Peer 1: 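Below you'll find the structure I mean.
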Amino acid sequence: MLIDTYGRVATDLRVSLTDRCNLRCTYCMPEEGLQWLAKPDLLTDDEIVRLIRIAVTELGVTEVRFTGGEPLLRPGLVGIVERCADLDPRPRMSLTTNGIGLQRTAQALRDAGLDRVNVSLDTLRPEVFQAITRRKRHDDVLRGLDAAHTAGLTPVKVNAVLMPGLNDDEAPELLAWALEKGFELRFIEQMPLDPQHGWKRDGMITAGDILASLRTRFTLTSEGEDERGSAPAERWLVDGGPARVGVIASVTRPFCRACDRTRLTADGQVRTCLFAREESDLRGALRSGAPDEEIARLWRLAMWGKKAGSGLDDPSFLQPDRPMSAIGG
Ligand SMILES: Nc1nc2c(ncn2[C@@H]2O[C@H](COP(=O)(O)OP(=O)(O)OP(=O)(O)O)[C@@H](O)[C@H]2O)c(=O)[nH]1
Ligand SMILES: C[S@@+](CC[C@H](N)C(=O)[O-])C[C@H]1O[C@@H](n2cnc3c(N)ncnc32)[C@H](O)[C@@H]1O
Ligand code: SF4
Ligand code: SF4
């Protein structure tokens with residue numbers, strides 16, 4: 001079991017498969033990209049599957065999410081999913097992606113055993129998409145979303161970050177579209193994780209702003225804490241349900257008390273929190289020939305040191321040294 005000193009148990013593992021990406025979302029990466037990890041520093045497919053096996057069979061992890069960077073850029077993704085689907089107990093598996101290339105791989109991922117996908121899409125307007133992501137790939141994302149739905153990678157969730165002056169007027173429009181498509185839309189408050197440190201609390205769109213905007217067109221009824229469990233998204237029934245909309249309000253309504261997450265970076269470091277400033281080196285242990293029990297011990301030890309929360313409200317808060325794309329958002 002991965003338990004911390006606050007009694008929280010981590011059963012949800014987020015695995016970053018690469019720090020690279022084919023978009024350059026302004027809230028995540030600079031235009032020129034980042035200093036990418038060198039190939040030899042990345043975990044191999046075998047190393048990733050071994051760490052997931054240890055997490056699942058020895059440490060009580062039940063949910064595995066593949067993320068990045070852009071996880072669809074990892075050539076071995078389908079094989080990794082297939083091998084993890086053979087584990088006993090079999091973890092539930094999901095993917096968080098920008099959707100580019102999903103049209104080609106959705107069915108293969110489903111056949112390999114992936115359960116569902118979350119796709120990031122901040123806008124329905126191609127020109128705004130280009131302003132946010134610095135790439136002309138809006139159509140690819142829309143096609144990827146449809147392919148995921150058709151392949152049964154459901155519920156398909158859509159993640160949208162709203163930014164002032166860019167897409168903050170689009171919340172009702174996005175929700176109407178998601179309802180029509182049968183996707184579950186979640187709005188995400190922008191977090192201070194961009195490498196250029198451009199984030200400002202008074203410049204972000206808050207959960208309160210988003211809900212007020214949605215209520216101009218829809219009736220929202222809170223789903224309640226019991227339904228939420230440890231999920232980052234607080235959800236509302238739309239016009240009486242059954243459709244829902246979520247808001248992930250890491251900044252204004254943090255959910256750290258119920259956190260059940262542990263993270264693995266693409267270069268094999270355990271992070272106890274998105275905002276952690278320390279990491280534990282599992283890759284070094286793997287490559288020096290440590291047996292499974294030793295890896296499991298190091299992982300438990302790391303989680304025991306997990307902080308109470310993100311620290312966003314501490315006057316001494318410092319952004320993590322790694323950008324979001326390298327942590328595995
Ligand atoms: N603060 C915080 N944000 C998180 C955490 N996990 C995910 N997020 C953020 O929530 C947003 C959506 O993340 P997803 O990868 O779609 O995962 P999720 O919402 O946990 O996934 P579901 O299980 O499908 O609800 C992203 O911006 C993540 O960075 C977390 O543990 N803490
Ligand atoms: C880092 S991305 C990795 C997976 C994939 N490339 C994608 O975009 O879905 C994971 C999620 O983090 C979100 N994200 C990135 N930077 C963020 C920030 N500064 N604040 C809030 N969410 C952010 C993205 O919108 C996306 O939904
Ligand atoms: S949010 Fe995802 S798609 Fe956008 S730059 Fe970051 S890793 Fe790439
Ligand atoms: S900010 Fe850290 S402690 Fe809070 S929910 Fe996210 S990962 Fe967990």
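Because the structure is predicted, anything quoted here is derived from the model rather than measured. Atoms within a ligand are numbered from 1 in the order they appear, just like the ligands themselves. When reading the values below, keep in mind they use all heavy atoms of this one structure, side chains included, and skip hydrogens, waters and symmetry mates.
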Peer 1: Just to verify, which of Ile210, Leu211, Leu237, Leu214 counts as forming a side chain to side chain contact (heavy atoms under 4.5 Å, CB included) with Val245?
Peer 2: Leu214
Peer 1: Using distance alone, with no hydrogens and no angle criterion, decide if Trp304 and Thr5 have a side-chain donor and acceptor under 3.5 Å apart.
Peer 2: no
Peer 1: Applying a strict 4.0 Å limit to heavy atoms, is Pro232 in contact with ligand 1?
Peer 2: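 Yes, Pro232 has heavy atoms under 4.0 Å from ligand 1.
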Peer 1: Quick one: how many protein N/O/S atoms are under 2.8 Å away from atom 4 (Fe) of ligand 3?
Peer 2: 1
Peer 1: For Asp140, check side-chain contact (heavy atoms from CB on, under 4.5 Å) against everything at least two apart and list the hits.
Peer 2: Ile100, Arg137, Arg143
Peer 1: Under a 4.0 Å threshold between the charged nitrogen and the carboxylate oxygen, would Arg322 count as salt-bridged to Asp267?
Peer 2: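 Salt bridge between Asp267 and Arg322, a charged N being under 4.0 Å from a carboxylate O: yes.
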Peer 1: Considering only the protein, which heavy-atom contact is closest to atom 28 (C) of ligand 1, and what is its distance?
Peer 2: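 Going by distance alone, atom 28 (C) of ligand 1 is nearest to Gly329 C, 3.8 Å.
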Peer 1: Less than 4.0 Å between a side-chain N and a carboxylate O, is that true for Glu189 and Arg253?
Peer 2: no
Peer 1: At what distance is the nearest protein heavy atom to atom 7 (C) of ligand 1, and which residue and atom is it?
Peer 2: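 Closest protein heavy atom to atom 7 (C) of ligand 1: Arg261 NH1, 3.4 Å.
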Peer 1: Nearest to atom 24 (O) of ligand 1, what protein heavy atom do you find, and at what distance?
Peer 2: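 The protein heavy atom lying closest is Arg116 NH1, 2.7 Å.
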Peer 1: Decide, yes or no, whether a salt bridge links Arg83 with Asp45 under the criterion of side-chain N to carboxylate O below 4.0 Å.
Peer 2: no
Peer 1: Going by the rule side-chain contact (heavy atoms from CB on, under 4.5 Å), which residues pair with Ala108 if we only count those two or more places apart in sequence or in a different chain?
Peer 2: Val78
Peer 1: Looking only at non-hydrogen atoms, which of Ile248, Ile188, Val119 approaches atom 26 (C) of ligand 1 most closely?
Peer 2: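 Result: the heavy atom closest to atom 26 (C) of ligand 1 is in Ile188.
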Peer 1: Considering only heavy atoms of Phe255, which atoms of ligand 1 have at least one such atom less than 4.0 Å away?
Peer 2: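 Matching atoms, with element in brackets: 1 (N), 2 (C), 3 (N), 32 (N).
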Peer 1: Got a salt bridge between Glu173 and Arg217, using NZ or NE/NH1/NH2 to carboxylate O under 4.0 Å?
Peer 2: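 Salt bridge flag = no for Arg217 with Glu173.
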Peer 1: At what distance is the nearest protein heavy atom to atom 17 (O) of ligand 1, and which residue and atom is it?
Peer 2: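 For atom 17 (O) of ligand 1, the nearest protein heavy atom is Arg14 NH1, 3.1 Å.
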Peer 1: Take Arg65 and Ser94 through the test side-chain hydrogen bond (donor to acceptor under 3.5 Å, both in side chains) and record every step on the way to the result.
Peer 2: CA-CA 5 Å; Arg65 173 171 302 274; Ser94 52; 3.2 Å; yes
Peer 1: To check your reading of the model: name the closest protein heavy atom to atom 4 (C) of ligand 1, its residue, and the distance in Å.
Peer 2: Leu274 CD2, 3.9 Å
Peer 1: Quick one: which ligand 1 atoms are inside 4.0 Å of a heavy atom on Lys157?
Peer 2: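 With Lys157 as reference, the close atoms of ligand 1 come out as 22 (P), 24 (O), 25 (O).
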Peer 1: Work out which heavy atom in Tyr6 is nearest to a heavy atom in Lys307; give both atom names and the distance.
Peer 2: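 Closest pair (atom of Tyr6, atom of Lys307, distance): CE1-C, 3.9 Å.
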Peer 1: With side chain to side chain contact (heavy atoms under 4.5 Å, CB included) as the test, pick out the partner of Met204 among Asp168, Val161, Asp209, Thr252.
Peer 2: Thr252
Peer 1: May I ask you to say whether Arg271 pairs ionically with Glu279, meaning some side-chain N is under 4.0 Å from a carboxylate O?
Peer 2: yes
Peer 1: Counting heavy atoms only, which of Arg263, Arg65, Gln190 comes nearest to atom 8 (N) of ligand 1?
Peer 2: Arg263
Peer 1: Near atom 4 (Fe) of ligand 4, which protein N/O/S atoms are found at less than 2.8 Å?
Peer 2: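 Result, waters dropped: Cys256 SG.
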Peer 1: Check whether any heavy atom of Asn159 sits under 4.0 Å from an atom of ligand 1.
Peer 2: yes
Peer 1: Run the numbers for me: atoms of ligand 1, each under 4.0 Å from some heavy atom of Ser250, listed by number.
Peer 2: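 That gives atoms 1 (N), 2 (C), 3 (N) of ligand 1.
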Peer 1: Does Met191 come within less than 4.0 Å of ligand 1, judged by its heavy atoms?
Peer 2: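 Met191: in contact with ligand 1 (<4.0 Å).
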Peer 1: Can you measure from CZ (Phe255) to OG (Ser230) and round to the nearest 0.5 angstrom?
Peer 2: 10.0 Å
Peer 1: Which value, rounded to the nearest 0.5 Å, describes the distance between Glu180 atom CD and Leu175 atom CG?
Peer 2: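 If we round to the nearest 0.5 Å, Glu180:CD and Leu175:CG are 11.5 Å apart.
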Peer 1: Of all the heavy atoms in Arg263, does at least one lie under 4.0 Å from an atom in ligand 4?
Peer 2: yes
Peer 1: For the pair Asp115 and Arg92, find out whether any cationic side-chain nitrogen is under 4.0 Å from an anionic carboxylate oxygen.
Peer 2: no
Peer 1: Can you sort out which atoms of ligand 1 are near Asn118, meaning under 4.0 Å from one of its heavy atoms?
Peer 2: 14 (P), 16 (O), 17 (O), 21 (O), 22 (P), 24 (O)
Peer 1: Decide, yes or no, whether a salt bridge links Arg297 with Glu294 under the criterion of side-chain N to carboxylate O below 4.0 Å.
Peer 2: yes
Peer 1: Which residue and atom name correspond to the protein heavy atom nearest atom 18 (P) of ligand 1, and how close is it?
Peer 2: Arg186 NH2, 3.8 Å
Peer 1: Which atoms from ligand 1 have a heavy atom of Met324 less than 4.0 Å away?
Peer 2: 29 (O)
Peer 1: We want to know whether Glu70 and Asn98 form a side-chain donor-acceptor pair, criterion being a heavy-atom distance below 3.5 angstrom.
Peer 2: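 Side chains of Glu70 and Asn98: pair found under 3.5 Å.
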Peer 1: Between the side chains of Arg125 and Asp169, is the shortest nitrogen-to-carboxylate-oxygen separation below 4.0 Å, so that they form an ion pair?
Peer 2: yes
Peer 1: Would you mind listing which atoms of ligand 1 come within a distance below 4.0 Å of any non-hydrogen atom of Thr96?
Peer 2: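 Near Thr96, meaning under 4.0 Å from one of its heavy atoms, ligand 1 has 14 (P), 15 (O), 16 (O).
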